[in-house]
Amino acid sequence: IKTVAHSSVIIPISPLTLMKPGAPEDLDVLVFKLTDQIALHEEEEIKAVEAYLSAHPSLIQVDPIPVQRTLSHRDIMCSKLAEVGSKLQAAGIGRSAKHSLIPPPLSSTSSEFAATVTEKVGGLKFPVLCKPLIACGSSTAHLMWICFDIQGVLNYAKSEAAKEGFVCQEYVDHNEE
């Protein structure tokens, strides 16, 4: 058992395995991360957590499963960020980064795919970040590139990280004033 101290509050923290019988019944808060299981479609562990939560409806969840599902897929997350960015921009606050979703290539060497990538990236301002669609649960989830021109994006499209499709997003300098 570990403890976390904040100001004058000490909170005991215990690892918990819901896949085995005998899970504690006296919890107040459940903090869990299932993003890898969601990305890898490991439904047994997800269902065990959902069953525990159903049996304990007063238990406070940090990062509920539906939120984690959203965060596991960059295409969904980019859409939500674009919505927020548009609202902030309409209110005169900040600038929203544009993004483009690039579908998985049928053949990354085909001129048709290169034309598709070029078209989808055409409205973006370089440099851009290229990221796999799947944000968790894979060895390629964090293989990201900063590309300074379309050739960089086409090279990324040929990489292992892009085989399931990828997000191409304008780089936004967070140090701008």
Side-chain angles (χ1 to χ4, degrees), residues 4 6 13 29-46 49-50 61-177:
V4 175
H6 180 69
I13 299 175
V29 177
L30 184 61
V31 179
F32 57 94
K33 180 181 178 237
L34 293 174
T35 50
D36 288 347
Q37 290 80 0
I38 291 166
L40 296 171
H41 305 288
E42 294 176 352
E43 293 299 318
E44 187 178 347
E45 192 165 345
I46 296 166
V49 172
E50 289 173 331
Q61 300 174 56
V62 176
D63 267 349
I65 293 172
V67 172
Q68 292 186 45
R69 286 189 192 280
T70 298
L71 292 175
S72 297
H73 298 281
R74 286 196 174 99
D75 52 344
I76 298 169
M77 199 63 216
C78 281
S79 295
K80 297 217 178 272
L81 287 172
E83 286 175 30
V84 171
S86 294
K87 289 177 183 175
L88 290 174
Q89 208 165 0
I93 305 169
R95 174 175 93 75
S96 177
K98 293 181 188 170
H99 70 279
S100 185
L101 304 176
I102 313 296
L106 299 173
S107 168
S108 59
T109 58
S110 76
S111 59
E112 185 178 310
F113 180 68
T116 299
V117 171
T118 302
E119 177 188 331
K120 288 195 170 280
V121 175
L124 302 181
K125 180 180 157 194
F126 284 92
V128 296
L129 301 174
C130 293
K131 314 172 193 180
L133 278 181
I134 303 301
C136 304
S138 129
S139 61
T140 61
H142 301 291
L143 294 178
M144 302 176 200
W145 291 15
I146 297 176
C147 300
F148 296 93
D149 56 28
I150 191 63
Q151 190 57 53
V153 176
L154 292 171
N155 290 340
Y156 182 82
K158 295 176 188 176
S159 74
E160 179 69 18
K163 71 179 182 185
E164 301 295 326
F166 63 99
V167 173
C168 198
Q169 179 181 3
E170 287 182 356
Y171 172 78
V172 174
D173 185 353
H174 297 296
N175 294 322
E176 282 182 358
E177 293 187 22

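Positions are given from 1, in the same order as the sequence printed here. Predicted model, so just to flag it, every value in this text is computed and none were measured.
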Between the NZ atom in K131 and the NE2 atom in H142, the distance rounded to the nearest 0.5 Å is 11.5 Å
With sequence neighbours excluded, what pairs up with E50 under the side-chain contact (heavy atoms from CB on, under 4.5 Å) test?
I46, K47, I65, R69
Starting at CG of L129, measure out to OH of Y156 and round the result to the nearest 0.5 Å.
10.0 Å
Kindly list each side-chain donor-acceptor pair under 3.5 angstrom involving residues 144-155, sequence neighbours excluded, with atom names and distances?
| residue | atom | partner | partner atom | Å |
| --- | --- | --- | --- | --- |
| D149 | OD1 | Q151 | N | 3.2 |
| D149 | OD1 | G152 | N | 2.9 |
| Q151 | NE2 | N155 | OD1 | 3.1 |
| N155 | ND2 | Q151 | O | 3.4 |

Only counting residues at least two apart or in another chain, list the ones meeting salt bridge (Lys or Arg N to Asp or Glu O under 4.0 Å) with E42.
none
Side-chain contact test, heavy atoms from C-beta onward, threshold under 4.5 Å: evaluate it for S159 versus L143 and give yes or no.
no
Partner set under side-chain hydrogen bond (donor to acceptor under 3.5 Å, both in side chains) for E160, not counting sequence neighbours:
K163
N/O donor-acceptor pair under 3.5 Å between E170 side chain and K125 backbone:
yes
